[in-house]
> 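Before I ask anything, let me first share the structure, which is written out below as structure tokens.
Letters A, B, ... mirror the listed sequences (proteins, then strands); counts begin at 1. It should be emphasised that the depicted structure is a prediction, and the values quoted were computed from it without experimental measurement.
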There are 2 protein chains.
Amino acid sequence: MPNIRDVAQRAGVAPITVSRVINDTGYVSDELRQRVEQAISDLNYVPNRLGPSMRSKRSHTVGLVVADITNPFWTTVVRGVEDAAYKAGYHLFLCNSDESVYKEREYVELLLSRQVDGFLIVPAETQFDVLELIQKQGKAIVLLDRYVRTRSIDIVRGDSDGAGYLLTRHLLDLQHRDIAMLNGPRLASTAVERAKGYRRAMNEAGFLDRSERILWGEYTQESGYYQTLEALQWRPRPTALIAANNFIALGIVRVLDNFGLRIPEDISLVVFDDLPVEVNLRPFFTSADQPAYEMGFLAANTLFERLGGDRSSELKDIVLPFKFTVRSSSGPPPKP
Amino acid sequence: MPNIRDVAQRAGVAPITVSRVINDTGYVSDELRQRVEQAISDLNYVPNRLGPSMRSKRSHTVGLVVADITNPFWTTVVRGVEDAAYKAGYHLFLCNSDESVYKEREYVELLLSRQVDGFLIVPAETQFDVLELIQKQGKAIVLLDRYVRTRSIDIVRGDSDGAGYLLTRHLLDLQHRDIAMLNGPRLASTAVERAKGYRRAMNEAGFLDRSERILWGEYTQESGYYQTLEALQWRPRPTALIAANNFIALGIVRVLDNFGLRIPEDISLVVFDDLPVEVNLRPFFTSADQPAYEMGFLAANTLFERLGGDRSSELKDIVLPFKFTVRSSSGPPPKP
DNA sequence: CTGAAAGCGCTTACAG
DNA sequence: CTGAAAGCGCTTACAG
């Protein structure tokens, strides 16, 4: 491939003149400019951005680490990030952590050596040890969706606490009293927040000490499956279930049939993150959806602001409200 | 950030010795190795891969351009690519072309200047002009899903022709005779192939000249909507519809209600790419699904083989069969 | 076993 | 308005 010197030679100028033409910087006479442009097109010259990246220590590149792009929620977040990056002239390295801190760290190290300017990460756990590594290298970072132990870090997330509260209130308003929450892992901040909202609504309604009604698990279909099996053993049997995410909801649906239970006649269901719609029962439950696209878009732009020199300003904790889709049939509870 | 010379200085060695320790190449005495490792950890040294990339002209980086990552089909393809890349030690630049040749070209140019080693692209149109650019720069490329005019290019794709044939046969076997195909754009090779399979099955069954039963459009919900409106005007009215992709199927479903038509009682439906399942009618149609993950994984590995020096071998055209999910209720046709 | 030199492609800072 | 020199961080190829 030709380099800037080949172009310069062909045009009979110095490399720096070619550079000035390419970047439209400094003064170049029309005549030289024409000769350079001719040489560029003759040689199919494509400037190599690795050079400038090395000099300027700016790659205009961002590392994006999500849990699993196969989950439509993250897909949508990624799309928001990508659109923001496109507009801002950044390129994305896409990485799937699969919720593993090991893979997360591995990717961060590789991305650091690739000289990304910053990171957009969905942390796998609240113990976010790679942060030290990132900050020591002086790289910017904005978290997506889940906060971590340290608060000294920018984040854009959904209002899980508020949504947990509203979903629970919704069920309470429909006269449900025995409400089980099938939750994600204790190490995920979103699960913790969702539980907090649940408890707040229950307490306000005068139902104290309902913590044992929260089943901690994973954000997976399997987990939802086993959590449901357990919840259905309780006496009195719950009249309503809260699924802390879409996969857990799938697990729930898989079980109910075996117990001869139907939604909403026998048991009500409300769901966080109503995105993957495997379920034919969609009209029968109320859902609270994260504004996924906006989350990605905002987080990316927050990062780009930082990279643009806005490092001094104070930390951001942007909390986006969920979108509610209330469907009539989430209740009321069945008569015994 | 410290560089290799800082480490060398601290360890009292030459930079090349540090390089040898990092890459575990050449001979280094245990003593020096220890001093170097100590210095690396003291300084939190992270090697800068831009240096080697510039020297070796290998970035171990791949440009991935898909139509829209928001479509679950492409999501799954991307996941396959990512897993393959992770294993092979490559990193991905993710780009959405939004089916626009303009954006496609823009991304390819940017990726070229970023010195990607190769490309994985879902071409927006059969006229794939950027190919010249890519090949002139001596970069490897493997197409995903859709072929283009030039055949001198590796590709991994689904067997659209075969799937079109089988879906049509399925309807014919159920005694359908008036079958409308709501297809994608004429510029998309997948749409062309799907139509080809349809015609082949119809011809074999003795129904010639059924080309006018193919409605060309876009792979979008809007297109499916208007195509359905048109198809329903025909006399005799079609007893079965073939949706050439998932979005078109959504458009179909939106219309049927207005006409008081129900699936499968009044009209049968078969669908390509049964991935986004907005539809509550899923149990009522037969679908042919692309092996999306495998497509991404295979395409990426094909590219890596090329990058590994396998450029000489002949062109690959890997055609993967669709997976069929035949649901009983796709037919038979209603009695008049 | 260890190291000094050169060069990958570019642009900043300086000189003319 | 134009250009020669130096340097971003690394490693190949050579010398000792």
> Under 3.5 Å, side-chain donor or acceptor atoms of residues 6-13 of chain B against the rest of the protein: list the pairs with distances, not counting sequence neighbours.
from: D6(B); atom 1: OD2; to: N3(B); atom 2: N; distance (Å): 2.8
from: R10(B); atom 1: NE; to: D42(B); atom 2: OD2; distance (Å): 3.1
from: R10(B); atom 1: NH2; to: D42(B); atom 2: OD2; distance (Å): 3.2

> Could you name each residue pair satisfying salt bridge (Lys or Arg N to Asp or Glu O under 4.0 Å) that touches residues 61-76 of chain A, not counting sequence neighbours?
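Those involving residues 61-76 of chain A are D68(A)-R79(B).
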
> One character per nucleotide, please: for nucleotides 3-16 of chain D, 5' to 3', B when the base has a protein heavy atom closer than 4.0 Å, S when only the sugar-phosphate does, - otherwise.
B---BBBBBB----

> How would you list all residue pairs meeting ring-ring contact (aromatic ring centres under 6.0 Å, His included) that involve residues 39-64 of chain A, not counting sequence neighbours?
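Found H60(A)-Y90(A).
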
> Can you give the dot-bracket line for DNA chain C, using ( ) for pairs inside the strand, [ ] for pairs that cross earlier ones, | for pairs with another strand and . for unpaired bases, where Watson-Crick and G-U count if both distances are under 3.5 Å?
|||.||||||||.|||

> Could you pull out every donor-acceptor pair under 3.5 Å between side chains of residues 17-25 of chain A and any protein atom, sequence neighbours left out?
from: S19(A); atom 1: OG; to: N23(A); atom 2: ND2; distance (Å): 3.4
from: N23(A); atom 1: ND2; to: S19(A); atom 2: O; distance (Å): 2.9

> Among residues two or more places apart or on two chains, list those pairs meeting salt bridge (Lys or Arg N to Asp or Glu O under 4.0 Å) that have a residue in residues 122-133 of chain A.
E132(A)-K136(A)

> Sequence neighbours excluded, which residues qualify as side chain to side chain donor-acceptor pair (under 3.5 Å) partners of R49(A)?
none

> F128(A): what forms a ring pair (Phe, Tyr, Trp, His ring centres under 6.0 Å) with it, not counting sequence neighbours?
none

